[in-house]
K.L.:
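Please read through the structure below; I'll follow up with questions.
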Amino acid sequence: MIPRNTARKLETTLVLYSRHGPARLYSTPSKKANAPTAAFAQLQVPHPDAFRFTTQKDPLTEEGMSFVNDMRGFLHRRVPYTILPTPLPDQSNPTALSTYFFPDSPTQDQLAVMDACLHNLYDVPRAKQIFERLRKYAPAESLLETRIYNSFLEAYVEMASVKQPNDGALWVEEAWSLYETMENGSENIHPTAQTYAIMLLARLRFGSSLDDSASAPSPGKLLNRLLARGISIQDVISDRVFTSSEDASGVIRLLSKAAIEMNMSPVIAELGQVEAMGTGHLDPLNDVPEVMPVKKLADVSQEIVDENGNVVRSSPSEEIPFNLDNLRKHLAQVTLARRVLPEDVAARQKLLEASVYDVAVERLKHEAKVFDEMGLGHMDVGLRRPDLQRWMWDWHQKLRSRLETEIADIIAAEAKHTREKTTRLGPFLSLVKPETLSLITILEVMRLNSTGGIADGMKLARALLTVGRAVENEYKAQMCKRNNIAIPSLHRVGDHSFFTGLGYKDLHARRVTAAKYIQDNEEWTTEWTQLLRVRVGSILVDCLMDVATVERTALDKRTGEELKEIQPAFYHAYEYVRGQKLGVIRLNPVVADRLAKDPLRETLHPRHLPMLVKPKPWLAADQGGYIYNRTSAMRFKDCQEQQSYLQHASSLGNLELVYAGLDVLGSTPWQINRKIFDVVLQVWNSGERLCKIPPAVFDKSEPEKPENYDTDVQAKSIYSQRLRSHVQDKASNHSERCSVNYKIEISRAFLGDIFYLPHNLDFRGRAYPIPPHLSHIGDDLARGLLMFAEAKPLGERGLRWLKVHLANLYGFDKGSFDERVAFVMNHLDDIYDSAENPLEGRRWWTKADDPWQCLATCTELRAALESEDPHTYMSTLPVHQDGTCNGLQHYAALGGDGKGAAQVNLAATDRPSDVYTYVANMVERIVVRDADNGEKIAQLLLGKISRKVVKQTVMTTVYGVTYIGAREQIEKQLKDRGDIPEELCWAASAYLAKNVLHCIGDLFSGAKAIQNWLNLCAKLITKGVPKGRLPEILKPQRANAKADTVEARIRKEQMATVVWTTPLGLPIVQPYRKAKRKQIMTSLQTVYISDPAAPAAVNGIKQASAFPPNFIHSLDATHMMLTALECRTRGITFASVHDSYWTHASSIDGMSEVIRDTFIALHSSDILRKLEAEFRERYANHFVPLSAIRKETTLKMLLDAGCRISASRDVAAELKRENAVVGNLLDVTDAEGSSISTITLDDENVVAAGPSITTEAPGAPAKRPRGRPRGSTPKRIQVEWDDKSEEAHDDVPEAFKNKFIKLSHLIPPHPKKGTFEVETIRKSLYFFS
């Protein structure tokens, strides 16, 4: 253990272990690592001193606040950026660079087909054909990595050994030819340990036939080559390609013989150690006598060469068989022990993930067998229990048989039509066995019920995509299981802070080592496209809808006779959602009813469940969380850019603290609160409505139809509105019932277990638990059911915080801490009654804002007070510290806004400020004024403007809520009050929304200024065009087309989205582009899906409006991560729900200190200045057409933001004549200092006037004109096109035509900071409370 202070001193004296930066650790011999040189011209490779952070002095004690110094040094560093090229617009010729970062769908489809055909040697000749075509296609060549080449080597060897032994010589020759291509590096691909393992295996299997081959190197030559590349023999022998210990032993003998012949003593010794590891036993119980192993006679024919070169025959002896599994375990525990600790996974978790579908099938089969043994299997269906399990078993049997036939027919049909260009589905449907496909389809369709706003059903397109993606995930999970890779656990070594250079480098090095180990031992797979997922999903869902049936019974109202009918369990229909006609899949009413009542264990996949062991550490963008089920570290939604940025930021070593933060959040152990679960289960089984548990039967009566319905238009309208609301509430009740059912079933399954919740991020960096149904980020019921698995003594302060927590949960959260404690003590009798008689007593807890959490706290407080010593009571209850309108807290700190800071508890006060009540009072005064003036809506609202009515709108204003969103929020609150007629709620909410937004704008003027600046920056960025694309603007795309104007081509080339980097190094990419959908024909209907890989124009309006809230979200996510990391360093249990931080009651004081210190450190790092600097650097080569900012509103925004544009005297005069407003932005300068560049057409030449821009033709190298000094700007660059006709300009004023401004010159200066000092927060009691 290295003490923290010692670690810091050591850091200043140690020589960095990699003076060339940690990126060297990623230098794997693969095509990905050797991408086009131009790619790395765009990338930010870590500087050698990237991880050497400056340490700032702190006025507080050295020991107590040492971590603050480390953190401030980290946050004050220059954040490493991840910069990728801007995606190309549609119908552009792809380049190797764009294909590498943003592969198109056809190329991705080809990779997926290649993957499927290689799997189990389904169609290796076809895979080989695609592979050779992609190797010749320059843009796609950059996507071919070493693992793909190795997959083909392995497939060729297996074809020669297993599938086509008669043509074995041809396949082996193909393997050696491909290997030599890798060895000579002609395709920028180089061999790895796996490459040599495969070729040595080929040597072992076909040695005699290869001796005469000129292309097949000898074992000795292979040995020399791998040693020359610095590849470990251990890595070669332990590779996954050796599926039997006999193969590994044979290769060891081959290499040993070669090493002896070449007199390589160290190699002989290493091979001996490898064999010893393989035959050894790893037993931690060294003092327990070993059981004598089964032995076998050694091969008597084995020849040994003595030191004189004489061959001697070995004498018969007994030996322990070489055990490959032992070797792999040893390597996982010993070889990686330098950086990675041994595997730490439990058998139950492996079983849970590895055999989910098999377990589901066995359970359903068992229940069917029980019915048969009871004699009910062949009796009248009505006598059997008509539950989900029985139905699902029947569907599964039918669907499995149907799929076996259907897949066979598809494969046969595709074999007859080999020349069709459409992607064949046979290879993909053969990746997973039909029995598993059947279960996947049934479980996913059942799980999707009532999603996407569809009651008792789901959107068809979503169902097809989800089922297709589930098949893809299952295939990849099977590949992980088949490779049997040991899962390393990452733990920090030593006691240095996460934020020191030494600590960061340690995290980075261990993660890289572990990630490389897993990647090297994993078979290559690739992503499926959306089109492929839909096509696979459509076949499976269509088959399910054909075979799945249920029997319904009903009574004939006239005769009383029971009628029976077999009906489809699922049926296709159409529904109008927001004016659009959507195809939906609906559940039969009896299935939907059962889904809300019956146990749902069989509809849950482990991807939706907590884990029984600590999650796998995050090692890469798609390696972490669950053991087998592949999960991404970030949740993407149809955005290829986000995925590319995350992957490349990870490869550059920029995400170490992000991954470490996710590991901290996922490693918090949880348990189910049994006492609360028992109460929940009792309420559930009773069917009554209580505390957000919906009733089994909807308990609100249908509105009565008025007598004047047919004669009074207004009465008819009011009745229709109330009836529509009633139907919607009834459907919502059913959906909520299903949701609660999931929570209860999961809780029941995990009773008595300790479990964990793996986390990942949304695109803004906010962390979420991956299990969706039961986690602490859920509703009050989910939170009430959870408690920490680790217990800690309360202590005196912990007991006080437990009481404060109870008052907060009840709704008494705006008094001082002493008043909250007094509130609890005054209600002690109610608290005891709630804990002892939760349902039979007075039910005081049910009136709380968060009733189930309140009940859990009542139970915990009573248990503590009734114990022998409350201060030593071992508490497991999570206690919260919540921010006060956290978004506004960040805005106030960013802008130094003293007035706003006082309203959100950043300033020190005796009692908490309540911004919601303050705004409610401001609105109330307006309502009173308007009511006095005779406003009817205002008179209706008198005395009804409570804190709760305006709270959500105030809270979300900072996150960009619009007027429409605010109106909907307020309308919901007014309806919940129940004292305003429902038909008047809409008008009342519209009136209130306008006034609430007005009051907030007046109160938080500092926040408004920052919002406007962020909004303007986003607008400018989306107008930018990369310098390399400027020639395309001048080059006509369609001859003599009226629509093909310069302005149209400018709009087409505006593809830049807003990207920024958080203080932790995470690149945030806004995904908002104009919807571009693809039509796909399926057997059910034509569906439209978005293709993430298809280029789509940027949605500038959405980019600008969403940037301010997304930026603030990224800041609160950073604050949370910083707090989580430091809490781990201090040994404080930590969990969070965005701006609500949880820990044990006894740790609240420690966590509160950390919360304040991390917030102060974050906002002391000059965030807005860094953001402005990043924009100037990230978009340095982007240019904005002057015509794009010519509108007076935009010009006025630029002027108000303090933006200045330099222009030559002639250009300035010309622009002022055209537009007076633009003249106010201009600073007149000489021509060389001008920010404005003019591009004009002069026959075949592009003339660039002004110093800011250099254009070059696409694909042509830049040339320095003769006679010009080096470094000066060329004025004329040759661009070729066919049509030289005059261009139309979309009515753009002549002064604005063909003029461009460098985007970095247009970015306005960030708003000046006010006088509020963020250090004041340290004295605020109610900052988080």
Side-chain angles (χ1 to χ4, degrees), residues 105 395 399 437 440-473 528-546 548 568-589 591-593 595-596 600 603-605 607-608 635-639 724 727-739 742 762 772-773 968 1071-1094 1096:
S105 291
W395 302 341
L399 183 56
L437 288 175
I440 288 174
T441 308
I442 294 170
L443 296 183
E444 291 297 331
V445 170
M446 296 290 280
R447 184 178 66 82
L448 284 173
N449 177 50
S450 298
T451 57
I454 309 298
D456 295 340
M458 66 218 71
K459 295 176 182 177
L460 176 64
R462 182 174 183 179
L464 303 185
L465 270 173
T466 302
V467 172
R469 185 179 286 109
V471 175
E472 177 189 10
N473 290 337
W528 292 9
T529 61
Q530 296 284 67
L531 171 62
L532 180 55
R533 290 169 184 150
V534 167
R535 294 185 64 199
V536 170
S538 68
I539 291 174
L540 299 177
V541 172
D542 185 34
C543 289
L544 173 65
M545 295 176 68
D546 277 352
F570 310 93
Y571 62 94
H572 179 251
Y574 290 95
E575 182 171 312
Y576 283 92
V577 177
R578 295 180 180 177
Q580 289 187 328
K581 184 180 179 182
L582 293 177
V584 298
I585 297 175
R586 290 206 178 278
L587 275 64
N588 192 294
V591 178
D593 183 57
L595 196 60
L600 300 176
T603 66
L604 292 172
H605 191 283
R607 279 191 294 273
H608 313 131
R635 304 177 181 199
F636 310 113
K637 185 179 180 183
D638 299 340
C639 184
R724 189 163 51 247
V727 172
Q728 191 173 14
D729 290 345
K730 188 175 181 180
S732 298
N733 183 80
H734 175 76
S735 298
E736 291 168 10
R737 185 87 180 164
C738 293
S739 176
Y742 274 113
D762 69 5
H773 302 297
E968 291 175 349
Y1072 314 114
R1073 294 186 177 274
K1074 293 177 181 177
K1076 189 173 184 180
R1077 302 190 177 276
K1078 184 178 290 187
Q1079 182 179 6
I1080 300 175
M1081 299 293 294
T1082 71
S1083 55
L1084 295 169
Q1085 70 168 64
T1086 298
V1087 297
Y1088 291 87
I1089 63 166
S1090 58
D1091 182 2

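Worth saying up front: this structure is predicted, and the values here are computed from it rather than measured. Sequential numbering from 1 along the given sequence is applied to the chain's residues.
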K.L.:
Rounded at 0.5 Å granularity, tell me how far CG in Leu437 sits from CG in Leu544.
P.N.:
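Going from CG on Leu437 over to CG on Leu544, the span is 12.0 Å.
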
K.L.:
Is any side-chain heavy atom of Met458 closer than 4.5 Å to one of Met446?
P.N.:
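With C-beta onward as the side chain, the pair stays apart.
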
K.L.:
Is the Phe570-His572 ring centre distance short of 6.0 angstrom?
P.N.:
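Centroid distance Phe570-His572: not below 6.0 Å, so no.
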
K.L.:
Indicate the atoms forming the closest heavy-atom contact of Ile440 with Ala470, along with that distance.
P.N.:
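Looks like CG2-CB, 3.6 Å.
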
K.L.:
Drop me the distance from Glu472's CD to Leu465's CG, to the nearest 0.5 angstrom.
P.N.:
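Rounded to the nearest 0.5 Å, the CD-CG separation comes out at 11.0 Å.
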
K.L.:
Which distance, rounded to the nearest 0.5 Å, do you find between the CG of Leu540 and the CD1 of Ile442?
P.N.:
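Leu540 CG to Ile442 CD1: 10.5 Å, rounded to 0.5 Å.
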
K.L.:
Mind checking whether Leu460 and Val584 have side chains closer than 4.5 Å, heavy atoms only?
P.N.:
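No, side chains not in contact.
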
K.L.:
Is a side-chain N or O of Asp762 found less than 3.5 angstrom from the main chain of Arg635, in a donor-acceptor match?
P.N.:
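Flag not set: sc Asp762 to bb Arg635 has no pair under 3.5 Å.
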
K.L.:
Looking at every non-hydrogen atom in both residues, tell me the closest pair between Leu587 and Tyr571 and how far apart they are.
P.N.:
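For Leu587 versus Tyr571, the nearest heavy atoms are O-CE2, 3.9 Å.
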
K.L.:
Enter the distance from Leu464:CG to Ile585:CD1 here, rounded to the nearest 0.5 Å.
P.N.:
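That separation rounds to 6.0 Å.
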
K.L.:
Rounded to the nearest 0.5 Å, how far does OG1 of Thr441 lie from CG of Asp542?
P.N.:
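If I round to the nearest 0.5 Å, the distance is 11.0 Å.
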
K.L.:
I need the minimum non-hydrogen distance between Leu448 and Ala463, along with the two atoms involved.
P.N.:
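Distance-wise, the nearest heavy atoms are CD1-CA, 3.7 Å.
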
K.L.:
In chain order, what residues pass the side chain to side chain contact (heavy atoms under 4.5 Å, CB included) check against Lys1074, with sequence neighbours excluded?
P.N.:
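With neighbours one apart ignored, the set is Ala1097, Asn1099.
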
